[in-house]
Student: 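There's a structure below that I have some questions on.
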Protein chains: 2
Amino acid sequence: MAKRTRHEKAGCPVARPLDVIGDCWSMLIVRDAFDGLRRFGEFQKSLGLAKNVLAARLHSLVDYGVLEIVPASDGSAYHEYVLTEKGRALFPVLVALRQWGERFCFKPNERYAQLVDRKRGKPLRRLEVRAQDGHVLEPADTMVIGRPT
Amino acid sequence: MAKRTRHEKAGCPVARPLDVIGDCWSMLIVRDAFDGLRRFGEFQKSLGLAKNVLAARLHSLVDYGVLEIVPASDGSAYHEYVLTEKGRALFPVLVALRQWGERFCFKPNERYAQLVDRKRGKPLRRLEVRAQDGHVLEPADTMVIGRPT
DNA sequence: CCGTATCCATTCCGATACTG
DNA sequence: CAGTATCGGAATGGATACGG
């Protein structure tokens with residue numbers, strides 16, 4: 001009893017990912033991995049969290065197939081953590097979260113780290129939810145069907 | 001000591017939202033709110049979590065401005081929880097998470113609840129990250145600048 | 001430099017009882 | 001129905017010591 005609920009068996013594709021990245025640190029590790037961080041120490045320095053916690057999260061992400069362990073690129077004895085295809089596919093989630101944070105979690109004058117188009121140095125276009133024919137959809141234009149019992 | 005780290009002061013717009021929706025339940029409450037659930041009992045029935053936990057999460061979401069409390073629409077003595085503009089702006093986050101879950105958290109034959117275009121009943125287009133000029137961007141085509149120290 | 005192991009405070013969460 | 005109050009177990013997470 002009193003065990004933490006897992007969503008692995010939920011029939012909802014929103015719920016299951018929360019087991020994987022639904023905590024304080026996992027998304028930030030993924031963010032750093034997108035920024036090119038690979039080494040244990042790099043993550044720790046960037047995030048400032050305890051080493052045991054970092055180790056646990058890294059292993060969890062490896063277990064879930066978001067990260068994989070590869071030999072060190074510089075020939076050192078250690079290994080590095082890089083995003084798998086599954087991990088790289090989190091890019092839109094990260095961008096969505098970031099754009100929401102920019103709009104609603106900062107004061108007007110406050111500075112924040114900005115994700116830009118590398119070629120032009122310009123910020124990205126706002127993400128839009130679209131139907132197959134390309135129409136932009138508002139929440140009210142959508143519905144959920146086929147929810148498993 | 002040993003307090004849970006909050007990201008309110010982080011200069012990264014990915015980090016701050018995690019204080020708001022970076023736990024198991026908040027995103028699911030938001031999902032249900034998008035599905036039109038409004039009453040305490042509806043959320044509880046849908047999510048199957050303890051009432052005290054639900055109450056805490058609802059209040060937290062109200063405090064963060066994601067939900068607001070409005071008088072009951074049916075004239076009953078209680079109130080209801082509805083998304084604010086800030087909450088509705090989480091729609092792309094929810095869709096991004098959902099699309100990732102569909103691809104990577106279900107087996108090929110497994111059924112899941114599907115979000116569709118209400119008019120046509122068809123699934124949505126995959127979210128794409130684009131530059132201002134409309135070009136689709138891969139993670140490698142982007143970079144982070146202006147990270148506050 | 002890269003982790004693992006241990007310890008402990010805090011927080012989370014589920015169950016249940018209770019009030020209006 | 002809509003919550004609040006309380007309890008206890010579990011998980012989280014921080015600090016630090018230690019081994020490769």
Side-chain angles (χ1 to χ4, degrees), chain A residues 1-10 15 18-30 32-33 37-64 67-82, chain B residues 1-10 15 18-29 32-33 36-64 67-82:
Chain A
M1 76 161 93
K3 257 193 188 166
R4 175 76 123 259
T5 310
R6 291 272 102 106
H7 303 286
E8 306 185 14
K9 318 199 72 175
L18 296 177
D19 287 345
V20 185
I21 49 158
D23 78 282
C24 275
W25 295 116
S26 299
M27 250 344 249
L28 297 180
I29 292 172
V30 169
D32 280 352
L37 271 54
R38 306 164 65 96
R39 298 289 282 257
F40 189 93
E42 292 178 321
F43 288 110
Q44 206 210 343
K45 188 173 168 190
S46 164
L47 298 171
L49 80 176
K51 292 200 279 190
N52 55 351
V53 178
L54 176 57
R57 285 286 153 250
L58 285 172
H59 289 149
S60 163
L61 288 170
V62 169
D63 287 346
Y64 277 117
L67 296 177
E68 64 182 339
I69 295 178
V70 301
S73 48
D74 63 353
S76 83
Y78 308 108
H79 42 244
E80 305 184 341
Y81 303 89
V82 300
Chain B
M1 79 163 90
K3 258 193 186 164
R4 171 77 123 260
T5 310
R6 293 269 103 108
H7 303 285
E8 306 185 15
K9 317 200 72 175
L18 297 177
D19 287 345
V20 185
I21 50 159
D23 77 281
C24 276
W25 294 115
S26 298
M27 242 357 238
L28 297 179
I29 292 173
D32 280 352
L37 271 53
R38 304 165 65 96
R39 297 291 281 257
F40 188 94
E42 292 177 322
F43 288 110
Q44 206 211 343
K45 188 172 169 192
S46 164
L47 298 170
L49 80 176
K51 292 201 278 188
N52 53 352
V53 178
L54 177 58
R57 286 285 153 251
L58 286 172
H59 289 148
S60 162
L61 288 169
V62 169
D63 286 346
Y64 277 117
L67 296 177
E68 63 183 340
I69 295 178
V70 301
S73 50
D74 64 351
S76 84
Y78 307 109
H79 42 243
E80 304 183 341
Y81 304 87
V82 301

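In this text, all values refer to a predicted model and were calculated from it rather than measured experimentally. Below, chain A is the first sequence line, B the second, and so on; all start at residue 1.
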Student: May I ask you to verify whether the side chain of A:Asp23 and the base of D:dT12 hold a donor-acceptor pair under 3.5 Å?
Tutor: no

Student: By nearest heavy atom, map B:Val53 and A:Glu80 onto DNA chain C; which one lands nearer the 5' end?
Tutor: A:Glu80

Student: What is the distance, rounded to the nearest whole Å, between atom NZ of A:Lys45 and atom P of C:dC2?
Tutor: 11 Å

Student: Reckon B:Tyr81 touches a base, only the sugar-phosphate, or nothing at all at heavy-atom distances under 4.0 Å?
Tutor: sugar-phosphate

Student: Just how far, in rounded Å, is P of D:dG3 from CG of B:Leu54?
Tutor: 9 Å

Student: What is the distance, rounded to the nearest whole Å, between atom CG of B:Leu37 and atom P of D:dC1?
Tutor: 14 Å

Student: Measuring from A:Leu18:CG to B:Trp25:CH2, what's the distance to the nearest 0.5 Å?
Tutor: 9.5 Å

Student: Taking the side chain of B:Arg6 as its heavy atoms from C-beta onward, which of D:dG20, D:dT12, C:dC12 lies nearest to it?
Tutor: C:dC12

Student: When you measure from the side chain of A:Lys51, which nucleotide among D:dC1, C:dG3, C:dA17 comes out closest?
Tutor: C:dG3

Student: Which listed nucleotide (C:dC13, C:dT6, C:dG20) is nearest to the side chain of A:Asn52?
Tutor: C:dT6

Student: Given D:dG3, D:dG13, C:dC13, which nucleotide is nearest the side-chain atoms of B:Phe40?
Tutor: D:dG3

Student: Measure from CG on B:Leu58 to P on C:dC13 and round the result to the nearest Å.
Tutor: 13 Å

Student: Measure from the side-chain heavy atoms of A:Ala55 and tell me the nearest of C:dC13, C:dT4, D:dG13.
Tutor: C:dT4

Student: Does B:Arg39 reach the side chain of B:Asp74, with side-chain heavy atoms less than 4.5 Å apart?
Tutor: yes

Student: Taking OP1 and OP2 of D:dG3, is either one under 4.0 Å from a side-chain nitrogen or oxygen of B:His79?
Tutor: yes

Student: Please report the distance, rounded to the nearest Å, between NE2 in B:His59 and P in D:dA2.
Tutor: 13 Å

Student: Looking at side-chain heavy atoms only, is the closest gap between A:Tyr64 and A:Ile21 below 4.5 Å?
Tutor: no

Student: Would you please confirm or rule out a distance under 4.0 Å between OP1 or OP2 of C:dC1 and any side-chain N or O of A:Arg39?
Tutor: no

Student: Roughly, in whole Å, what's the span from CD1 in A:Ile69 to C1' in C:dG3?
Tutor: 11 Å

Student: Which is more 5' along DNA chain C, the nucleotide nearest A:Tyr78 or the one nearest A:Ala56? Just name the residue.
Tutor: A:Tyr78

Student: Nearest-Å distance, CZ (B:Phe43) to P (D:dC1)?
Tutor: 15 Å

Student: Hey, does the side chain of A:Gln44 reach the backbone of A:Phe40 with a donor-acceptor pair shorter than 3.5 angstrom?
Tutor: no

Student: Can you find a heavy atom in the side chain of A:Leu67 that is under 4.5 Å from one in the side chain of A:Ile29?
Tutor: yes

Student: Please tell me if A:Arg57 has a side-chain N or O lying less than 4.0 Å from either OP1 or OP2 of D:dG13.
Tutor: yes

